[in-house]
J.: 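Quick one: structure below, then a few questions.
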Amino acid sequence: QLKVKNSQSTPRQRWERRQLKALFSSENFTQHAYANVDDYWIPLVLLHSGARPAEVCQLQTCDVVSQEHIACLNITCEGGAQSVKTNCAKRLVPIHSKLLALGFLHFVELRRKQGHVQLFSCKATGEFGEWTKSFEGRFSRYLNKLGFVAGQRPTAYGFRHAIIDELQQRDTPEHVVADLVGHSKNGFTYRHYGKVTPLLRLQEVVEQLNFNDELTL
């Protein structure tokens, strides 16, 4: 008479390319019509990094770094109220050239000059210190405005699924994708003996992501 809970979570939808085009051709991105600049940069960073929304929302200005002459996001739990899902989630993520071309580093420098510790206006709220609540609330309302039907559309987390799926379709080795997105490696050998993928290789993988047809920015 025991009831066993289904351990399989409901899979999140990935962003399909037609949906990306509908989103990124909207006024927030083409006309900068947002009330909060987070609503411009956070979706773009998610689309070009494969990072978890919480990892991006909790970034501090000091977490945008240069390593080996490569601009990176430092996903860490060292800042106030920052956290990571697992130890594997602590990593450097190369910043895509599209973000650089759109002026992401200029945005970062402006935040620094203004004296902000946090890169975005997100705050850790609630008992568990949720960083995404305010952004995801605004993002959901914006998707409603664009005609995306709740329950039948991808969420902010869906960008991560899109990135992983895109890299899988390009036959990118799974252990390299794992290092990029902060997953543990499958199999004993890679997990216990494999070194972290070199930053230059991760940059090559990030640059494989091409959404120029979907971004009219």
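The figures that follow rest on heavy atoms only: side chains count, while hydrogens, waters and symmetry mates do not.
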J.: For E109, look at atom CD and say whether over 12 heavy atoms of other residues, nucleotides or ligands are found less than 6.0 Å away.
T.: yes
J.: Measuring from R170:CZ to Q208:CD, what's the distance to the nearest 0.5 Å?
T.: 6.0 Å
J.: Which value, rounded to the nearest 0.5 Å, describes the distance between L59 atom CG and Q82 atom CD?
T.: 7.0 Å
J.: Near H69 NE2, under 6.0 Å, is it more than 12 heavy atoms from other residues, nucleotides or ligands?
T.: no
J.: Tell me, do L119 and W41 make a side-chain contact under 4.5 Å, heavy atoms counted?
T.: no
J.: Enter the distance from S26:OG to L143:CG here, rounded to the nearest 0.5 Å.
T.: 9.0 Å
J.: Is there a donor-acceptor contact under 3.5 Å linking the side chains of T61 and Q118?
T.: no
J.: Can you tell me how far apart CD1 (I95) and CD1 (I70) are? Round to the nearest 0.5 Å.
T.: 11.0 Å
J.: Any side-chain heavy atom of T132 within less than 4.5 Å of one from E55?
T.: no
J.: What do you reckon, is CD of E16 surrounded by more than 12 foreign heavy atoms closer than 6.0 Å?
T.: yes
J.: Could you give me the CA-CA distance, side-chain angles and deciding distance for Q19 and L23, then say whether side chain to side chain contact (heavy atoms under 4.5 Å, CB included) is met?
T.: CA-CA 6 Å; Q19 296 172 318; L23 173 63; over 6 Å; no
J.: Does any donor atom in the side chain of R153 or S140 lie under 3.5 Å from an acceptor atom in the other side chain?
T.: yes
J.: Under 3.5 Å, is there a donor-acceptor pair linking the side chains of N28 and R138?
T.: no
J.: Quick one: closest heavy-atom pair of C77 and S83, and the distance?
T.: CB-CA, 3.9 Å
J.: Classify the angle between the aromatic ring planes of F159 and F139 as parallel (below 30°), tilted (30 to 60°) or perpendicular (above 60°).
T.: tilted
J.: If the plane angle is over 60° it's perpendicular, under 30° parallel, otherwise tilted; pick one for Y34 and Y40.
T.: tilted
J.: Hey, would you say the W15 and F148 ring centroids sit under 6.0 Å apart?
T.: yes
J.: Report the residues that fulfil salt bridge (Lys or Arg N to Asp or Glu O under 4.0 Å) with E27, sequence neighbours left out, ordered by chain and then residue number.
T.: K145
J.: Enter the distance from L180:CG to L92:CG here, rounded to the nearest 0.5 Å.
T.: 11.0 Å
J.: Could you tell me if the side chain of V149 sits less than 4.5 Å from the side chain of N144, heavy atoms only?
T.: no
J.: Between I42 and F120, is there a side-chain heavy-atom distance shorter than 4.5 Å?
T.: yes
